[in-house]
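Encoded as structure tokens, the structure appears first; notes follow it.
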2 protein chains.
Amino acid sequence: MKIEDFTVEQLEQAASMLKAIAHPVRISILNYLDGGNKLTVTEIHQLLNIEQSTTSHHLGILKDKGVLASKREGKNTYYFLKHPNLSKIVECMTNCFKQDS
Amino acid sequence: MKIEDFTVEQLEQAASMLKAIAHPVRISILNYLDGGNKLTVTEIHQLLNIEQSTTSHHLGILKDKGVLASKREGKNTYYFLKHPNLSKIVECMTNCFKQDS
DNA sequence: GCTGTATATTTATATATTTGTATTAATAAA
DNA sequence: TTTATTAATACAAATATATAAATATACAGC
């Protein structure tokens, strides 16, 4: 599938997914969820050392745009990548910096 | 290099590069520049059927954030990918949609 | 029911982005 | 030097986003 074949809607969805990822906190979240990892809001907010409400907000954005999915188990909500594929984006960015150094 | 080893500055730069890409027009531009293609502002504005000034603006953002580089030749300015690697991001997004269908 | 823990939402303020129109700058050719 | 072409910039209006603080909801255990 080439991008020329994208409908306007698909192009906009792709942009909105990328935009969701394009934030230091959210790149870090994606990194922790690489390889099928599932983490709770509390785990992530402690790992990143940011407020719980801020963490939930960022996770909400990623879920809303289709980057993450979540599954509630008792008191906890586990978040994980919706498309394993998406961790390649973070990988790709690290490669760019590898070339620089 | 893992993302944990990123400095805050590198993480912010990665985010700002992704943010630059995260727009329907700019994803389309990246797609046209895949594979080492070099195109002028006019060519891109005609391909995408958008205003010249809008095109120049989007190209400026991509260049400013380190996604594209440019080279002036006479009246024309050719734009091209700074890291061949970056076209993998567009590729990755297309794969996400491939899985959906 | 009530209490504590885990998440989510709302709200307000500040800031940034997108887009078009108009203008300006740079180069090439006549 | 005048003109045509190409590209970049300035400006303004509408829209979107980031952030933190406060509040609300969901669930488990008692």
Side-chain angles (χ1 to χ4, degrees), chain A residues 8-9 11-30 32-33 37-82, chain B residues 8-9 11-30 32-33 37-82:
Chain A
V8 174
E9 288 75 26
L11 200 54
E12 280 173 356
Q13 198 191 332
S16 101
M17 287 174 79
L18 276 181
K19 196 172 181 179
I21 299 170
H23 185 287
V25 166
R26 302 197 290 262
I27 290 175
S28 300
I29 291 175
L30 248 66
Y32 283 120
L33 298 179
N37 270 355
K38 293 172 197 260
L39 296 174
T40 66
V41 179
T42 301
E43 286 171 329
I44 293 169
H45 110 74
Q46 288 171 347
L47 277 168
L48 297 181
N49 199 34
I50 55 179
E51 289 295 321
Q52 176 276 317
S53 72
T54 305
T55 308
S56 180
H57 184 235
H58 286 298
L59 288 168
I61 289 170
L62 287 167
K63 186 182 176 185
D64 182 55
K65 304 308 181 192
V67 178
L68 301 184
S70 67
K71 188 182 170 188
R72 182 141 204 164
E73 286 187 10
K75 281 189 293 189
N76 301 305
T77 302
Y78 288 88
Y79 281 87
F80 50 92
L81 286 177
K82 201 163 175 184
Chain B
V8 173
E9 288 74 27
L11 200 53
E12 281 174 355
Q13 199 192 334
S16 101
M17 286 174 79
L18 274 182
K19 192 174 180 179
I21 298 170
H23 185 286
V25 165
R26 302 197 291 263
I27 290 176
S28 300
I29 290 174
L30 248 66
Y32 282 120
L33 298 178
N37 269 356
K38 294 171 197 259
L39 296 175
T40 67
V41 179
T42 300
E43 286 169 330
I44 293 169
H45 110 75
Q46 288 171 345
L47 277 168
L48 296 182
N49 198 34
I50 56 177
E51 289 295 321
Q52 177 273 318
S53 73
T54 304
T55 308
S56 182
H57 182 238
H58 285 298
L59 288 169
I61 289 171
L62 287 167
K63 186 182 178 185
D64 182 55
K65 303 308 181 191
V67 178
L68 300 184
S70 67
K71 188 181 170 190
R72 180 142 205 164
E73 286 186 13
K75 282 187 293 188
N76 302 304
T77 302
Y78 288 88
Y79 281 87
F80 50 93
L81 285 178
K82 201 164 175 184

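So you know, we letter chains A, B, ... as the sequences are listed, proteins then strands, and number each from 1. Basis for what follows: all heavy atoms, side chains included, without hydrogens, waters or symmetry-related copies.
Between the C1' atom of C/dT23 and the CD atom of B/Glu51 lies a distance of 14 Å, rounded to the nearest Å. Between the CD1 atom of A/Ile61 and the P atom of C/dT9 there is a distance of 12 Å, given to the nearest Å. If you measure from atom CG of B/Asp64 to atom C1' of D/dT9, you get 14 Å, rounded to the nearest angstrom. Going from atom CG of B/Leu48 over to atom P of C/dT18 covers 15 Å, rounded to whole Å. Rounded to an integer number of Å, the gap from CG of A/Asn49 to C1' of D/dA20 is 16 Å. Atom CG of A/Leu18 is separated from atom P of D/dT17 by 14 Å (rounded to the nearest Å). Rounded to a whole Å, the CD1 atom of B/Ile50 is 8 Å from the P atom of C/dT19. Rounded to a whole Å, the CZ atom of B/Arg72 is 11 Å from the C1' atom of D/dT5.
Among the heavy atoms of the strands lying under 4.0 Å from B/His57 is at least one base atom, whether or not backbone atoms are also near. Within the 4.0 angstrom heavy-atom criterion, only backbone atoms of the sugar-phosphate kind lie near A/Tyr79; the bases stay farther away. Base contact: B/Ser53 has a heavy atom under 4.0 Å from a base atom. A/Gly74 comes within contact range of the sugar-phosphate backbone alone, with a heavy-atom separation under 4.0 Å but no base atom that close. Residue-level contact check: A/Gln52 touches the bases, meaning some heavy atom is under 4.0 Å from a base atom. A/Thr42 comes within 4.0 angstrom of the backbone, heavy atoms only, and of no base.
The closest side-chain heavy-atom distance from A/Met17 to A/Gln13 is below 4.5 Å. For the pair B/Tyr79/B/Ile29, no side-chain contact is recorded, criterion being any heavy-atom separation below 4.5 Å from C-beta on. No side-chain heavy atom of B/Pro24 sits less than 4.5 Å from a side-chain heavy atom of A/Val8. For the pair B/Leu39/B/Leu47, a side-chain contact is recorded, criterion being any heavy-atom separation below 4.5 Å from C-beta on.
In this structure, the nucleotide among D/dA22, C/dA16, D/dA28 sitting nearest to the side chain of A/Lys75 is D/dA28. With D/dA7, C/dT7, C/dT18 as the candidates, the nucleotide lying closest to the side chain of B/His23 is C/dT18. Across C/dA8, D/dA7, D/dA18, the shortest atom-to-atom separation from the side chain of A/Arg26 is found for D/dA18. Looking at the side chain of A/Ser56, the nearest of the listed nucleotides D/dT6, C/dT17, C/dA8 is C/dA8.
Remark: A/His58 is not in phosphate contact with C/dT7, judged by side-chain N or O atoms under 4.0 Å from OP1 or OP2. Between B/Asn76 and D/dT5, a side-chain N or O to OP1/OP2 separation shorter than 4.0 Å is absent.
The OG1 atom of A/Thr55 sits 7.5 Å away from atom NE2 of A/His58, with the distance rounded to the nearest 0.5 Å.
Screening B/Ile21, B/Val67, B/Leu68, B/Leu62 for a side chain to side chain contact (heavy atoms under 4.5 Å, CB included) with B/Arg26, the sole residue that qualifies is B/Leu62.
For the pair B/Leu59 and A/Glu73, both in contact range of DNA chain D, the more 5′-proximal nearest nucleotide belongs to B/Leu59.
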